[in-house]
Every structure is written in structure tokens, then in C-alpha cells.
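What follows is a set of notes on a single structure, which appears directly below.
The first residue of the sequence shown is numbered 1, and numbering continues consecutively from there.
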Amino acid sequence: MGLGILWSIIIGILAGAIAGWIMKGSGFGIIINLIVGLVGSLIGSWIYGLFGFETTSILGSLLMSVVGAVVLLWVVSLFRKRTP
């Protein structure tokens with residue numbers, strides 16, 4: 001059980017950093033990357049479930065988390081004010 005939580009944290013940090021690089025060009029810092037990655041994991045698992053996909057590996061979990069984190073950052077960017 002302890003390793004599962006550790007892997008979730010590591011995958012969350014990596015997914016948040018990768019999503020930050022994809023959407024913004026750089027990461028947000030370790031704490032924000034972790035939050036974005038963990039929330040992205042929930043969103044990604046929901047999206048994967050809609051399409052009937054299932055992850056069975058660490059790489060699959062990372063990909064699912066990155067997809068969810070990118071969707072999360074995209075939705076957040078829709079609500080942010082654009083400054084000239």
C-alpha cells in the first residue's frame with residue numbers, strides 16, 4: 001500500500017510537470033505539479049472510463065494522468081483573464 005501511494009505521488013508530479021510543459025512551456029513547481037497531476041489523474045481516469053479504456057501499467061497511468069492534467073489546464077485557461 002505504501003508503494004502505491006508513493007507511485008501515485010511520483011506519477012502526479014511527473015504528469016503535472018509534463019502537462020505544464022505542454023500547455024505553458026515550463027512546469028509550475030513541485031507542489032502545483034503534484035496537485036495538477038493528481039487532479040489530472042482523476043479527470044484522466046474519468047475520460048478513459050468514458051471511452052472504455054483501462055490502464056494496467058505505470059506508463060499507462062502516467063499517460064492517463066497527463067491527458068487529464070492537460071484537459072484540466074486547458075479548462076482553467078478558458079476561465080483565466082487574458083492580459084494584453
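For Leu42, the side-chain contact (heavy atoms from CB on, under 4.5 Å) test picks out no residue, with sequence neighbours left out.
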Can I get a per-line list of side-chain donor-acceptor pairs under 3.5 Å for residues 62-72, giving both atom names and the distance, sequence neighbours left out?
| from | atom 1 | to | atom 2 | distance (Å) |
| --- | --- | --- | --- | --- |
| Ser65 | OG | Ser61 | O | 2.9 |

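Taking CD1 from Ile11 and CG from Leu59, the interatomic distance works out to 9.0 Å, rounded to the nearest 0.5 Å.
A distance-only check finds no donor-acceptor pair linking the side chain of Ser41 to the backbone of Gly37 [under 3.5 Å].
Under the ring pair (Phe, Tyr, Trp, His ring centres under 6.0 Å) criterion, the residue pairs touching residues 31-52 are Tyr48-Phe53, with sequence neighbours excluded.
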